[in-house]
2 protein chains.
Amino acid sequence: METEQSSYLPVSQEQKALPKNDSYKNVPDKKIIRELGLKVTQQRLLILDIVRNGPNHFTAQEIYEVVTEKNPDVGFATVYRFLKKLSEQHFVTEVRMGGMPARYEWAAKKHHDHLTCTRCGSIVEFENQKIEDLQEQIADRHGFRLTHHILELYGLCGECQNQ
Amino acid sequence: METEQSSYLPVSQEQKALPKNDSYKNVPDKKIIRELGLKVTQQRLLILDIVRNGPNHFTAQEIYEVVTEKNPDVGFATVYRFLKKLSEQHFVTEVRMGGMPARYEWAAKKHHDHLTCTRCGSIVEFENQKIEDLQEQIADRHGFRLTHHILELYGLCGECQNQ
DNA sequence: GATGGTATTGAAAATCATTATTAATAGTAA
DNA sequence: TTACTATTAATAATGATTTTCAATACCATC
Ligand SMILES: [Mn+2]
Ligand SMILES: [Mn+2]
Ligand SMILES: [Zn+2]
Ligand SMILES: [Zn+2]
């Protein structure tokens with residue numbers, strides 16, 4: 001057990017944690033955008049709608065494709081910019097496995113972690129309160145105050161174990 | 001709790017797990033390189049020496065800089081290539097936080113996870129057998145056989161909590 | 001409802017980490 | 001040594017994400 005200094009800048013200095021349950025379920029998109037300190041634009045409304053109601057675990061590219069079906073003039077950079085804002089404020093969670101494009105998911109819903117099959121790519125979401133508690137204990141023990149964590153389990157799913 | 005399909009290919013299909021303790025402590029670099037099924041080259045010896053005996057949690061860039069101090073003719077791509085081989089066979093662990101360059105560490109030593117301060121970048125290593133066990137239980141419950149996992153805790157260290 | 005200041009945008013270029021290509025070189029079995 | 005390949009350095013290519021910047025859309029104020 002050791003402590004050392006990284007020569008890189010921190011990922012994010014965000015500290016404001018979002019409630020772990022989906023207390024935002026009935027909050028309209030506009031309100032959420034304002035809560036981020038941003039102006040309400042057509043692009044952001046479009047993107048946020050898909051982020052909240054579309055498929056889970058999407059990439060920026062995937063979001064972009066759905067967005068442009070409804071409005072072909074939305075730029076790729078805008079999707080990236082807004083996803084970044086959302087993840088900085090923990091409204092979406094950024095999941096990165098390996099060197100692949102980041103995947104995002106609406107985070108205001110109940111917290112969970114992921115169990116991923118490295119062969120077929122299937123993803124199981126799970127929640128385990130004991131692990132969450134143990135994480136807090138570990139942080140306490142080292143004088144840290146936790147803001148977030150990444151727990152990703154990798155292995156082979158049942159099917160893939162039989163080739 | 002849901003299962004879904006990712007449209008991306010898996011990160012790695014490696015399954016061979018390395019013993020969790022440092023059973024390689026007294027194994028010479030040459031032997032390890034041969035065990036990887038690779039030829040023993042000056043470059044690989046140089047790189048492996050630094051990986052095993054140099055600072056922990058290094059980036060490919062950092063390794064490269066140290067390597068070139070001893071032999072300025074070693075190429076950057078060679079460092080990447082060899083680190084990749086090592087991580088494919090689980091001799092080194094690849095740690096990615098956010099979108100930053102991957103960090104590597106010699107993995108034949110005891111397994112552990114990380115607690116990182118998002119403000120100053122300090123890293124605490126920890127190990128928690130209860131969490132490890134719970135992870136196995138979760139995998140079992142879903143019919144998975146685990147190969148590896150990522151557990152990274154983020155927060156503010158004691159010092160950074162007081163600005 | 002019009003206006004003006006400023007945040008936001010799309011398009012494109014830039015960046016950054018990582019990988020692929022390729023002709024030259026070095027490791028190794030015989 | 002020799003001969004056969006794997007490996008290498010250099011460089012180009014890739015792919016995701018970010019930045020730049022001039023044009024445009026919000027929205028507070030009139
Ligand atoms: Mn999820
Ligand atoms: Mn470590
Ligand atoms: Zn599978
Ligand atoms: Zn700190």
Side-chain angles (χ1 to χ4, degrees), chain A residues 6-9 11-12 29-48 57-65 67-89 92 94-104, chain B residues 6-9 11-12 28-48 57-65 67-88 92 94-104:
Chain A
S6 162
S7 59
Y8 280 82
L9 290 171
V11 176
S12 155
D29 292 350
K30 281 189 180 180
K31 189 161 189 187
I32 287 177
I33 294 172
R34 292 205 187 92
E35 203 160 309
L36 290 164
L38 300 173
K39 285 187 178 175
V40 175
T41 65
Q42 290 312 305
Q43 291 83 332
R44 285 173 178 157
L45 285 172
L46 250 179
I47 295 167
L48 187 50
H57 306 141
F58 41 78
T59 64
Q61 175 67 41
E62 286 163 1
I63 283 283
Y64 172 72
E65 282 161 13
V67 166
T68 47
E69 281 173 23
K70 301 194 180 179
N71 180 350
D73 293 329
V74 174
F76 200 47
T78 301
V79 174
Y80 262 107
R81 264 187 303 242
F82 189 43
L83 283 175
K84 172 154 244 218
K85 293 271 188 194
L86 286 168
S87 80
E88 279 171 0
Q89 310 275 19
V92 303
E94 209 185 83
V95 179
R96 287 170 193 265
M97 63 178 258
M100 332 201 105
R103 289 184 171 275
Y104 302 84
Chain B
S6 163
S7 59
Y8 280 83
L9 289 171
V11 175
S12 155
D29 292 350
K30 281 188 180 182
K31 189 160 189 189
I32 286 177
I33 295 172
R34 291 204 188 92
E35 202 159 312
L36 289 164
L38 300 173
K39 286 186 175 174
V40 175
T41 66
Q42 291 312 306
Q43 292 84 331
R44 286 172 177 158
L45 284 172
L46 251 178
I47 295 167
L48 186 51
H57 306 140
F58 41 79
T59 63
Q61 174 68 41
E62 286 162 2
I63 283 283
Y64 172 71
E65 283 162 12
V67 166
T68 48
E69 281 173 22
K70 302 195 179 177
N71 180 349
D73 293 329
V74 174
F76 199 41
T78 301
V79 175
Y80 260 106
R81 262 188 306 243
F82 189 43
L83 282 176
K84 173 156 246 217
K85 294 272 188 193
L86 287 168
S87 81
E88 279 170 0
V92 305
E94 210 184 83
V95 179
R96 287 168 192 267
M97 62 178 258
M100 330 200 106
R103 290 182 170 277
Y104 302 83

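Letters go in sequence order (proteins before strands), and every chain restarts at 1.
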**Request:** Sugar-phosphate means primed atoms, P, OP1 and OP2; the rest is base. With that split, encode nucleotides 22-30 of chain D 5' to 3' as B, S or - using protein heavy atoms under 4.0 Å.
**Result:** ----BS---
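We find that CG of B/Leu45 is positioned 13 Å from C1' of C/dA26, with the value rounded to whole Å. The CG-C1' distance, from B/Leu83 to C/dT19, rounds to 14 Å in whole Å. Note: CD1 (B/Ile33) to P (D/dA6) measures 17 Å, nearest angstrom. In this structure, A/Phe82 atom CZ and C/dG10 atom C1' are separated by 17 Å, rounded to whole Å. Nucleotide D/dT19 holds its C1' atom 9 Å from the CZ atom of A/Arg81, rounded to whole Å. Atom CZ in A/Phe58 sits about 13 Å away from atom P in D/dT17, given to the nearest Å. Regarding A/Met100, its CE atom lies at a distance of 14 Å from the P atom of C/dT18, rounded to whole Å. For A/Gln61 and D/dT17, the CD to P distance is 10 Å, given to the nearest whole Å.
Annotation: the terminal axes of the helix from C/dG1-D/dC30 to C/dA30-D/dT1 meet at 40°, where each axis is the rotation carrying the C1' atoms of four end pairs onto the next four (5 pairs per end, rounded to 10°).
Nearest heavy-atom pair across A/Ile47 and A/Val67 is CG1-CG2, 3.9 Å. Residues A/His57 and A/Glu62 come closest through the heavy atom pair O-OE1, 4.1 Å. Across all non-hydrogen atoms, the minimal contact from A/Leu45 to A/Lys30 is CD2-CG, 3.9 Å. B/Lys85 and B/Leu36 make their closest contact through O-CD2, 4.3 Å (heavy atoms, listed as atom of the first residue, atom of the second, distance).
Using a 4.0 Å heavy-atom cutoff across all strands shown, A/Arg44 reaches sugar-phosphate atoms only and no base atom. As judged by a 4.0 angstrom heavy-atom cut-off over every strand, B/Ala60 is placed among residues making no nucleic acid contact.
Distances shorter than 4.0 Å separate none of the side-chain N or O atoms of A/Lys84 from OP1 or OP2 on D/dT17.
Every salt bridge (Lys or Arg N to Asp or Glu O under 4.0 Å) that B/Lys70 has, sequence neighbours left out, goes to B/Asp49.
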**Request:** Go through B/Ile63 and B/Tyr104 one step at a time and tell me if the side-chain contact (heavy atoms from CB on, under 4.5 Å) criterion holds.
**Result:** CA-CA 10 Å; B/Ile63 283 283; B/Tyr104 302 83; over 6 Å; no
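For the pair B/Val92/B/Phe82, no side-chain contact is recorded, criterion being any heavy-atom separation below 4.5 Å from C-beta on.
From B/Leu48, atom CG reaches atom CG of B/Leu86 across 6.0 Å, with rounding to the nearest 0.5 Å. One distance of note links OH of A/Tyr64 with CG of A/Leu83; it measures 13.5 Å at 0.5 Å rounding.
Within residues 70-80 of chain B, the residues approached by DNA chain C to less than 4.0 Å at the level of any non-hydrogen atom are B/Phe76, B/Ala77, B/Tyr80, in residue-number order.
Here side-chain hydrogen bond (donor to acceptor under 3.5 Å, both in side chains) pairs that include residues 39-48 of chain B, with residues two or more places apart or in two chains, number zero.
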Could you give the side-chain donor-acceptor pairs of residues 72-80 of chain B under 3.5 Å, partners two or more places apart or in another chain?
residue	atom	partner	partner atom	Å
B/Thr78	OG1	B/Arg81	NH2	3.0

